[in-house]
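Below is one structure, written out as structure tokens, with a few remarks after it.
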Amino acid sequence: MDAVVTAQTVLSVVEPQSSGLGGGGFLLYWDQKKQNLFALDGRETASSRAQKDTWIGSDGKPIAWLKARRSLTSIGVPGTAALLWEGHRKFGLLPWKYNLKASIQIAKEGFIPSPRFLKSISLAKKIGINHSPGFKDLYLPNGQLPSKKHHFKNQELASTLNNLATKGVDTFYRGEISKKIINDIERLQNKDNRVSAITLEDLANYQVYERKPLCRLYKVWRVCSFPPPSGGGVAVLQSLGIFEVLTAKTISQKLPIHWHLISESLRHADADRSHWIGDPIDLPVPLNGLVDDNYIKARALGIHLNKAKHFPPPGKPKGGEKLDLASQPRTTAGGTTHLVVVDKQGNVASYTGSVESVFGSGYISGGMVLNNQLTDFSFVSSYAGKKIANRVGANKRPMSSMSPIIVFHNKVPILAIGSPGGWIIPHFLTSALINALDLNLSPKEVVSSKHLSVRPDQTLLEENSEWSTSKSSTRQTLQQSGHQIKTTRFSSGLAIIQRKGKVWHGAADPRREGKAVSLP
């Protein structure tokens, strides 16, 4: 847990485009001594003043995502600091202040900007940063990108981290840091009278929730992930379950049907999370029904072995009979990071953190990037007179795709994995788990394997892979089965640690910056 605190606070400095103190996250933690799996929810929350028409314009229509992203209303109450504090309180061994030492030093003394850091600043500029003078001052001084050769420093963030290190989490939610965040928001808020942004009271009332991990057997392995407000964990477990029902004993990436069945499993799971998943404080999510064996089998029976089914409808799980809901459109990808840690005592952490979009909302306070996580809510609250589960509401946590995972065999943890990637995180993880568990690929092979993703009416193949060419037999067979093929690039960031015998092996996705390290 000390490593998680240190890593996330350092990432707040060197990878602010993806995660940080101004965002939120989910922690799945195996406590070896207690032989217990914990799930700590540090997801951002909407303001107590949030309204269901938050994302509806004066014309009665949903506003554009780009406009919503740069609105102060997109900022949810950050949960990262509280999550790290609570995790450290439960599982940490080293002093809290010591774990923040590295991040303070790097923020103060600076670091050489990485290629992705600079590329992300350019992307944020393209999306739009004129609404945030603080962003331009920090990341585009004099209108120019930071130098590749000089250390990039963030003195305000160093001060914020030092404050958090010395005074603890109360300063973030009920003290100096919270007042700074709200003052900065209110200063900008005066320009937009329609804004209902977060308040000091919202920060003071924030809580980390301990939730029950969501687990399901996949063949001989017990796969555990995060429950709602994550829809990602449900999607991974459903996809694996449907795939298991549909496949014979032999599984091979070389067979086109392998990819057909994965794509159809993903598509049906996507239909369910778009329909049924929301914050449990708002509605009784039929969670047990969604991962029930008989329900999974019924969903699998609706899949043709040689024909793609576009826009599959959601299923009807037990427990959802009284919920008259409509489905929401899928969301965009986001700025997220994932890390996994195992220590010599046998404790295992799988942690996903996010600020949502690249550099979140673009707003800066105390050197921190503030999230735009509330754009993860459905922009419309109902459709055809039916409520949408993931609609905006006071104090609600928006549905997330973040899916930290720990896998067990004979009650022993053998694998921890996760990835950034927004809505398609469960797509990356489903294939990765099949590769690691069924095909027994090494961690390095798992993170390097080609990707497939889906939309309701399209199947997306990773470009620059042998199968995305027009001559690929897999591509041709999928097209003959009715798949509408599109090639694209993916920005996954798979991080995996897997036990082989008595030794743990780790690997980081070559598509992003990242590295597996072993510390003495």
Side-chain angles (χ1 to χ4, degrees), residues 1-15 19-21 23-42 78-107 158 160-173 177 207-211 213 224 226 337-353 404-408 411-418 495-499 502-506 508 514-520:
M1 188 65 223
D2 298 305
V4 172
V5 174
T6 300
Q8 176 58 95
T9 51
V10 168
L11 287 169
S12 301
V13 181
V14 303
E15 198 189 50
S19 66
L21 296 179
F26 294 143
L27 172 66
L28 204 60
Y29 190 93
W30 170 253
D31 187 314
Q32 177 67 16
K33 187 175 182 180
K34 294 182 178 179
Q35 291 287 292
N36 196 21
L37 184 66
F38 295 85
L40 299 185
D41 176 356
T80 297
L83 176 60
L84 297 180
W85 178 267
E86 181 64 13
H88 180 264
R89 187 184 71 80
K90 282 180 173 291
F91 314 117
L93 298 177
L94 298 172
W96 170 257
K97 186 176 181 180
Y98 178 84
N99 291 335
L100 272 68
K101 186 177 178 180
S103 59
I104 295 168
Q105 182 178 353
I106 295 170
T160 297
L161 286 162
N162 187 63
N163 200 344
L164 182 62
T166 56
K167 298 179 182 177
V169 79
D170 270 0
T171 190
F172 195 100
Y173 293 94
I177 297 174
Q207 294 181 50
V208 171
Y209 290 135
E210 184 176 323
R211 302 197 183 274
C224 295
F226 221 88
T337 193
H338 185 85
L339 59 94
V340 287
V341 186
V342 63
D343 65 21
K344 64 182 180 181
Q345 286 82 25
N347 303 304
V348 184
S350 186
Y351 167 85
T352 315
I405 287 172
I406 297 178
V407 179
F408 297 82
K411 299 183 179 180
V412 176
I414 60 157
L415 185 153
I417 194 170
I496 180 174
I497 297 180
Q498 185 173 11
R499 187 203 300 266
K502 295 184 178 181
V503 180
W504 288 91
H505 300 261
K515 189 176 182 180
V517 294
S518 175
L519 303 177

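For this chain, numbers begin at 1 and follow the sequence in order.
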Original post:
Can you name the side-chain hydrogen bond (donor to acceptor under 3.5 Å, both in side chains) partners of Glu86, sequence neighbours left out?
Top reply: Arg89

Original post:
What are the two closest heavy atoms between Ser12 and Gly20, and how far apart are they?
Top reply: OG-CA, 3.2 Å

Original post:
How about Val412 and Arg499: do any of their side-chain heavy atoms sit closer than 4.5 Å?
Top reply: yes

Subject >> Non-hydrogen atoms of Asn162 and Ile104 that approach each other most closely >> reply: CA-CD1, 3.6 Å

Subject >> Shortest non-hydrogen contact between Val13 and Ser103, atoms and distance >> reply: CG2-O, 3.6 Å

Original post:
Just by modelled atom types, is the Gly87 backbone N or O under 3.5 Å from a matching donor or acceptor in the Tyr29 side chain?
Top reply: no

Original post:
If you measure from CG on Leu40 to CG on Leu83, what distance do you get to the nearest 0.5 Å?
Top reply: 6.0 Å

Original post:
Are any non-hydrogen side-chain atoms of Ile496 and Val340 less than 4.5 angstrom apart?
Top reply: no

Original post:
Which pair of heavy atoms, one from Ala416 and one from Ser350, lies closest together, and at what distance?
Top reply: CB-CB, 4.5 Å

Original post:
How far does CG of Leu164 sit from CG of Leu84, to the nearest 0.5 angstrom?
Top reply: 8.5 Å

**OP:** Decide if atom NZ of Lys101 counts as having more than 12 heavy atoms of other residues, nucleotides or ligands within a radius under 6.0 Å.
**Re:** no

Subject >> For Ala516, all residues meeting side chain to side chain contact (heavy atoms under 4.5 Å, CB included), sequence neighbours excluded >> reply: none

Original post:
Tyr351 pairs by side-chain contact (heavy atoms from CB on, under 4.5 Å) with which of Val5, Leu27, Leu28?
Top reply: Leu27

**OP:** Take the angle between the ring planes of Phe226 and Phe26 and call it parallel below 30°, perpendicular above 60°, tilted in between.
**Re:** parallel

Subject >> Interatomic spacing from CD1 in Ile414 to CD1 in Ile497 - rounded to 0.5 Å >> reply: 13.5 Å

**OP:** Could I get the full list of side chain to side chain contact (heavy atoms under 4.5 Å, CB included) partners for Leu94, not counting sequence neighbours?
**Re:** Asp2, Tyr98, Asn99

Original post:
Side chains of Asp31 and Lys90: closer than 4.5 Å at any heavy-atom pair?
Top reply: no

Original post:
Out of curiosity, Leu100 CG to Gln8 CD, how far, rounded to the nearest 0.5 Å?
Top reply: 10.5 Å

Original post:
Taking the side chain as C-beta and beyond, is there a heavy-atom pair between Phe91 and Val4 under 4.5 Å?
Top reply: no

Original post:
With sequence neighbours excluded, what pairs up with Arg211 under the salt bridge (charged side-chain N to carboxylate O under 4.0 Å, His left out) test?
Top reply: Asp41

**OP:** List the atom of Thr9, the atom of Thr6, and the distance in Å for their closest heavy-atom pair.
**Re:** OG1-O, 3.0 Å

Subject >> Interatomic distance, Thr171 atom OG1 to Asn163 atom CG [nearest 0.5 angstrom] >> reply: 4.0 Å

Original post:
Taking only residues two or more places apart in sequence, or in another chain, which ones meet Ala3 in a side chain to side chain contact (heavy atoms under 4.5 Å, CB included)?
Top reply: Val341

Original post:
Can you find a heavy atom in the side chain of Thr80 that is under 4.5 Å from one in the side chain of Ser19?
Top reply: no

Original post:
At what distance, to the nearest 0.5 angstrom, does OG1 of Thr337 lie from CD of Glu15?
Top reply: 4.0 Å

Subject >> Heavy-atom check, side chain of Pro78 versus side chain of Phe172, under 4.5 Å >> reply: yes

Subject >> With sequence neighbours excluded, residues passing side chain to side chain contact (heavy atoms under 4.5 Å, CB included) with Trp85 >> reply: Trp96, Val169

